[in-house]
Amino acid sequence: MGGARVSTPDAAATPAPLVDRFGRVHRDLRISLTDRCSLRCTYCMPAEGVPWLPGSTMLSTDELVRIAAVGVAQGITEIRLTGGEPLLRPDVVDVVRRMAALTGPGGSPEISLTTNALRLPALAAPLRDAGLARVNISIDTLDRERFAALTRRDRLHDTLAGIAAADSVGFSPIKLNAVAMRGVNDDELVDLVRFAVDRGYQMRFIEQMPLDAGHTWDRSAMVTQREVLDALRAAFTLTEVPGRGSAPAELWYVDGGPATVGVIASVTAPFCGSCDRVRLTADGQLRSCLFARTETDLRTLLREGADDDALAAAVRACITGKKPGHDIDDPSFLQPDRPMSAIGG
Ligand code: SAM
Ligand code: SF4
């Protein structure tokens with residue numbers, strides 16, 4: 001691993017944890033590297049006419065690393081790179097290398113990546129060598145035609161090749177994510193678990209959230225955690241894995257383990273009470289929640305010459321303003337203006 005150590009605070013200068021008004025300590029920074037994507041998943045992006053972020057507003061490599069360094073110095077220990085499709089960013093290997101070399105009171109952050117895997121055959125080895133610890137890969141179906149309909153691109157083969165590439169260079173655990181959708185892939189949940197278990201991966205099902213660009217989300221059409229578990233129990237014995245902590249996925253052993261399957265029930269069993277995540281968009285806006293309706297403009301601060309203390313104060317103010325929960329089920333709930341692809345999932 002290369003790259004210079006960027007900040008090494010001495011013990012006396014160790015900052016207070018990044019704690020909000022509800023006592024939640026924030027350790028996980030999700031960074032969207034781009035809002036661009038090589039797929040057009042129906043639950044995330046429109047088929048056409050995506051209002052892209054202007055290039056001049058996108059953070060440069062140095063700006064991304066600077067904000068990450070401030071976060072790590074304040075207690076961030078995990079950085080997840082996402083998007084849009086993070087592997088479309090030409091500097092992604094450099095970003096990983098430089099972020100993995102940061103240090104803070106919790107040591108160096110663990111760097112992970114959420115991806116559609118299309119570029120993993122070329123990038124898996126360089127990313128691993130740069131210090132990437134883990135990958136989460138999205139695959140909603142194993143059927144080529146469904147994949148093409150769902151992502152509006154005929155690229156199942158490339159996603160499968162990407163998964164194999166991640167495996168062959170030694171990433172472990174490999175987590176596979178699928179959004180469960182009624183009438184789309186809800187008859188494939190068992191097959192997806194078998195696919196994962198047979199290869200030593202972890203399958204995780206995500207409840208669809210109101211984050212699509214078309215604002216078409218419908219609570220009654222959503223496949224719930226209960227429905228996912230009912231479908232899986234028809235084929236497997238599931239035993240709850242204790243000790244979830246702040247992880248979004250609740251886990252079950254499949255047929256006694258060691259394989260596990262997860263469900264991320266953001267809508268029917270929200271885990272806001274133990275949330276330790278904060279998000280940076282590709283254009284430098286810090287969000288305390290996926291569903292936040294306000295953002296903290298770190299890009300302008302950065303470009304106007306703010307020092308690390310000013311940036312750290314802005315990060316803390318954003319976290320202090322975090323709401324107790326996302327209130328998706330509240331009648332007053334308003335979907336955020338940005339779709340998932342522009343926030344960073
Ligand atoms: N392009 C990468 C990928 O697909 O893995 C990273 C970004 S994507 C926004 C991150 C995750 O968000 C994916 O697992 C995707 O399935 C999930 N996602 C996107 N829109 C969603 C929605 N409306 N509800 C639930 N999950 C969603
Ligand atoms: Fe792209 Fe990921 Fe959104 Fe699909 S879920 S459109 S792969 S950003």
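Counting starts at 1 for both ligands and their atoms, following the listed order.
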### Check: T103 side chain, G107 main-chain N or O, donor-acceptor pair, under 3.5 Å
no
### Query
Cut-off 3.5 Å, side chains only: do E110 and T77 have a donor facing an acceptor?
no
### Message
How long is the straight-line distance from OG1 of T159 back to CD1 of I137, given to the nearest 0.5 Å?
### Response
8.5 Å
### Task
Side-chain contact test, heavy atoms from C-beta onward, threshold under 4.5 Å: evaluate it for E48 versus R40 and give yes or no.
no
## Note on the structure
Near atom 3 (Fe) of ligand 2, protein N/O/S count under 2.8 Å comes to 1
For ligand 1, which of its N or O atoms have a protein N or O partner closer than 3.5 Å, and how long is each gap?
{"from": "ligand 1", "atom 1": "1 (N)", "to": "G84", "atom 2": "O", "distance (Å)": "3.0"}
{"from": "ligand 1", "atom 1": "1 (N)", "to": "E85", "atom 2": "OE1", "distance (Å)": "3.1"}
{"from": "ligand 1", "atom 1": "4 (O)", "to": "S138", "atom 2": "OG", "distance (Å)": "3.3"}
{"from": "ligand 1", "atom 1": "5 (O)", "to": "T115", "atom 2": "N", "distance (Å)": "3.4"}
{"from": "ligand 1", "atom 1": "5 (O)", "to": "T115", "atom 2": "O", "distance (Å)": "3.3"}
{"from": "ligand 1", "atom 1": "5 (O)", "to": "S138", "atom 2": "OG", "distance (Å)": "2.5"}
{"from": "ligand 1", "atom 1": "14 (O)", "to": "S138", "atom 2": "OG", "distance (Å)": "2.8"}
{"from": "ligand 1", "atom 1": "16 (O)", "to": "Y43", "atom 2": "OH", "distance (Å)": "3.2"}
{"from": "ligand 1", "atom 1": "23 (N)", "to": "Y43", "atom 2": "O", "distance (Å)": "3.0"}
{"from": "ligand 1", "atom 1": "23 (N)", "to": "M209", "atom 2": "O", "distance (Å)": "2.9"}
{"from": "ligand 1", "atom 1": "24 (N)", "to": "M209", "atom 2": "N", "distance (Å)": "2.8"}

### Message
Tell me whether R204 contacts the main-chain N or O of N136 through its side chain, where contact means a donor paired with an acceptor under 3.5 Å.
### Response
no
### Query
Is the count of non-hydrogen atoms from other residues, nucleotides or ligands lying under 6.0 Å from R80 atom CZ greater than 12?
yes
### Task
For N185 and V179, indicate whether the former's side chain and the latter's backbone hold a donor-acceptor pair under 3.5 Å.
yes
### Message
For R182, give me all partners under salt bridge (Lys or Arg N to Asp or Glu O under 4.0 Å), at least two apart in sequence or on another chain.
### Response
E227
### Task
Please name all residues satisfying salt bridge (Lys or Arg N to Asp or Glu O under 4.0 Å) with D154, sequence neighbours left out, ordered by chain then number.
R144
